[in-house]
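Some notes on the structure that comes next.
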Number of protein chains: 2
Amino acid sequence: MGVYIQVLEGLLLQEQQVISSEKLAEQCEVNPSQIRKDLAYFGEFGVRGVGYYVSDLLKAIKYFLGIDRNWNCILVGVGNLGRALLRHQQLAQKGFQIQMAFDCDPFKIGERVAGHEVICTRRLKEKAQQMQIDIGLISTPPERAQRAANHMMQAGIKGIVNFAPTRINVSQDVIVDYVDFSNHLISMAFRLSHP
Amino acid sequence: MGVYIQVLEGLLLQEQQVISSEKLAEQCEVNPSQIRKDLAYFGEFGVRGVGYYVSDLLKAIKYFLGIDRNWNCILVGVGNLGRALLRHQQLAQKGFQIQMAFDCDPFKIGERVAGHEVICTRRLKEKAQQMQIDIGLISTPPERAQRAANHMMQAGIKGIVNFAPTRINVSQDVIVDYVDFSNHLISMAFRLSHP
DNA sequence: TATTTTTTGAGAAAAATTTCACAAGAATAA
DNA sequence: TTATTCTTGTGAAATTTTTCTCAAAAAATA
Ligand SMILES: NC(=O)c1ccc[n+]([C@@H]2O[C@H](COP(=O)([O-])OP(=O)(O)OC[C@H]3O[C@@H](n4cnc5c(N)ncnc54)[C@H](O)[C@@H]3O)[C@@H](O)[C@H]2O)c1
Ligand SMILES: NC(=O)c1ccc[n+]([C@@H]2O[C@H](COP(=O)([O-])OP(=O)(O)OC[C@H]3O[C@@H](n4cnc5c(N)ncnc54)[C@H](O)[C@@H]3O)[C@@H](O)[C@H]2O)c1
C-alpha cells in the first residue's frame with residue numbers, strides 16, 4: 001500500500017490527473033488486478049473507462065490508512081540512527097512528527113539536534129504525558145531496547161517502532177513494529193546467490 | 001527468516017545449545033509448524049525428541065541464505081542516513097562491509113566518515129571496478145536515486161538497496177530492494193486507528 | 001528391556017492471497 | 001443514435017501460505 005502512495009505522490013507532482021490500474025501497476029511493479037482489488041476494498045474510487053483520479057485516490061488511501069492526520073512521536077536513543085531520523089524532515093511532512101528526543105548519556109543530554117533538546121530518559125514519562133504521544137521510536141542499542149520500551153509503556157504509549165535488532169516484550173494492548181535493515185541485505189545476498 | 005537469525009544469535013550468546021521449534025516460535029512470535037516447514041525446506045536439521053542445535057542451525061541458515069561469506073558494498077549519498085549507515089558497525093559484523101562512500105557535493109568530497117574518505121560520484125565506476133563490489137546502497141534524495149543507480153549499473157553492480165522513497169528503473173539482470181521506513185509508520189498508524 | 005514422553009518432518013486441510021475473466025459503466029467515434 | 005473502445009469492480013479459479021495432525025525417531029523413565 002505504501003508503494004501506491006509513493007507512486008501517486010509522484011504522479012501528483014507531474015500533474016497527471018488520472019491513471020489506470022494498468023499504468024499504476026506498471027509503476028508499482030504489481031499486477032493490475034491486485035491494485036483494483038486493494039482499492040475496491042475500501043470503496044469505489046475508479047471510474048470505468050477512465051481510471052482513478054490521482055488526487056482523490058490519494059486522499060482516500062490516506063484517510064483509510066489513518067494518515068490524514070498528524071501522529072505525535074518521540075524518539076529514544078540519539079545515536080547515529082536517532083540523529084538521522086531527527087534530521088529527516090520527510091517524516092514530519094508525512095504526518096509523523098518527532099516531538100521529543102531522549103537519551104541516557106549525560107554527554108548527550110542538553111545537546112540540540114535538529115531543533116530538539118535531548119532530554120534524559122528518566123524524564124520521559126513526565127514529559128511525554130504532557131503531550132498526547134502516539135508512537136515511540138526506539139533507536140538504542142539492542143540490549144537497551146526493552147528498557148526504552150518499558151519507559152514508553154509507562155508513559156501510556158500504545159505504538160512502538162523498534163529499530164534495534166531485538167524482540168521486545170510488551171503488554172498486549174501495545175503494538176510493536178520491527179524495522180531491520182539487515183533483513184533487506186540478507187534478502188539481497190540470497191537473491192544474488194541463487195540466480 | 002531474519003527473525004530466526006536474530007533470536008538464534010541471542011540464544012547463542014546465552015549459551016543455550018538446543019531449542020525446540022515451539023520455544024523458538026514463541027520468541028519469534030510465529031507458529032511452530034511455520035518454523036519446522038521453513039527449516040525443513042533446506043534440510044533436516046532437527047533431532048526428533050530433542051530440537052535444533054542452535055549453533056549448527058545458525059550455520060545452516062546462514063549458508064542457505066548466502067551470508068556465510070562477506071559481501072562488498074558501496075554507499076552513494078553521505079547525508080544523514082548515509083552517515084548513520086557508515087558508522088553502523090553491525091553491518092560489517094554481519095558480513096556486509098561498506099568499502100567506499102560516494103557523494104556529489106564538493107563540500108563533502110574528501111571528508112572522512114567512519115574511516116572512509118568520501119569520493120566524488122563521478123569516480124564511482126573507476127573506483128568500484130578496482131574491487132569486486134556486490135551491493136550498492138542508495139541514500140541520496142529521491143530525485144537523485146536513478147542517477148545513483150545508473151552509476152552503479154555502469155560499474156557492473158548487480159544488487160541495489162534503495163533507501164530513497166522512489167522507484168528506480170534497472171536492467172533486468174539487476175536486483176533492486178526498496179527500504180522505506182515510512183511504511184512501518186503507516187502500518188502503525190493504520191493499526192492504531194483500527195483497534 | 002519395555003513404556004512413556006518429547007519433538008521433528010511431512011502430508012492433508014484450511015486459509016489467505018493473487019490472478020483470471022468478463023459483465024457493466026463511461027467515454028469516444030461513427 | 002449506435003457501435004466501439006476503454007477500464008473498472010467482482011465472482012470464480014488458481015496459487016501460495018499457513019496451520020493442523022500424526023506417524024516415526026530419539027530420549028527419558030520405569
Ligand atoms: N546506524 C544505523 O545505520 C543503524 C541501522 C539499522 C539499525 N540500527 C540500530 O539502531 C540502534 C541504534 O544504532 P546507532 O548506530 O544509532 O547506535 P549508537 O550507539 O550510535 O546510538 C545509541 C544511542 O542510544 C543511547 N542509549 C543507550 N541506552 C539508552 C537508554 N536506555 N535510553 C535512552 N538512550 C539510550 C546511547 O546513549 C546512544 O546515544 C541499534 O540497535 C542499531 O542496531 C542502526
Ligand atoms: N534521514 C533518515 O533518517 C532517512 C530515513 C529514511 C529514508 N531516508 C531517505 O534516505 C535518503 C537520504 O536521506 P538523508 O536524510 O540522508 O538526506 P540528506 O540530504 O542528508 O543526504 C543526501 C546526500 O546525498 C547526496 N547526493 C545528492 N545527489 C547525489 C548524487 N547524484 N550522487 C551522490 N550523492 C548525492 C547529497 O550531497 C547529500 O549528502 C532520502 O531519500 C531519504 O528520503 C532518510
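Scanning residues 24-41 of chain A for heavy-atom distances under 4.0 Å to DNA chain C yields A/Asn31, A/Ser33, A/Gln34, A/Arg36, A/Lys37.
Put simply, A/Ser21 has no side-chain N or O that comes within less than 4.0 Å of OP1 or OP2 on D/dT7. Contact check, B/Tyr52 against C/dT6: no side-chain N or O comes under 4.0 Å of OP1 or OP2.
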Are A/Phe163 and B/Phe181 close enough, and set up right, to give a ring pair (Phe, Tyr, Trp, His ring centres under 6.0 Å), and what steps lead you there? CA-CA 10 Å; A/Phe163 288 85; B/Phe181 304 0; 5.5 Å; yes

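B/Phe42 has its CZ atom 10 Å from the P atom of C/dG9, to the nearest Å. Across the protein-nucleic acid pair, B/Glu22 atom CD and C/dT5 atom C1' stand 13 Å apart, rounded to whole Å. The distance from atom CD1 of B/Ile19 to atom C1' of C/dT7 is 13 Å, rounded to the nearest whole Å. What separates CG of B/Leu57 from C1' of C/dT8 is a distance of 13 Å, to the nearest Å.
With respect to the salt-bridge test (charged N to carboxylate O, under 4.0 angstrom), the residues A/Arg69 and A/Asp134 qualify. Here B/Arg83 pairs with B/Glu111 in a salt bridge; the nearest charged N to carboxylate O distance falls below 4.0 Å.
Between A/Phe64 and B/Phe190, the ring planes are tilted. Angles from 30° to 60° get that label.
Taking CE of A/Met153 as the start and NZ of A/Lys158 as the end, the distance is 9.5 Å to the nearest 0.5 Å. Atom OG of B/Ser33 is separated from atom CZ of B/Arg36 by 5.0 Å, given to the nearest 0.5 angstrom.
The minimum heavy-atom distance linking A/Ser139 with A/Leu75 is given by the pair OG-CD2, 3.7 Å.
As judged by a 4.0 angstrom heavy-atom cut-off over every strand, A/Glu44 is placed among residues touching the sugar-phosphate backbone only.
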If you restrict it to nitrogen or oxygen atoms, what contacts under 3.5 Å exist between nucleotides 25-29 of chain C and the protein, and what is each distance?
| residue | atom | partner | partner atom | Å |
| --- | --- | --- | --- | --- |
| C/dG25 | N2 | A/Gly49 | N | 3.0 |
| C/dA26 | O4' | A/Arg48 | O | 3.1 |

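Here the options are B/Asp105, B/Leu85, B/Ile109, B/Val113, the test is side chain to side chain contact (heavy atoms under 4.5 Å, CB included), and the partner is B/Val78; only B/Val113 passes.
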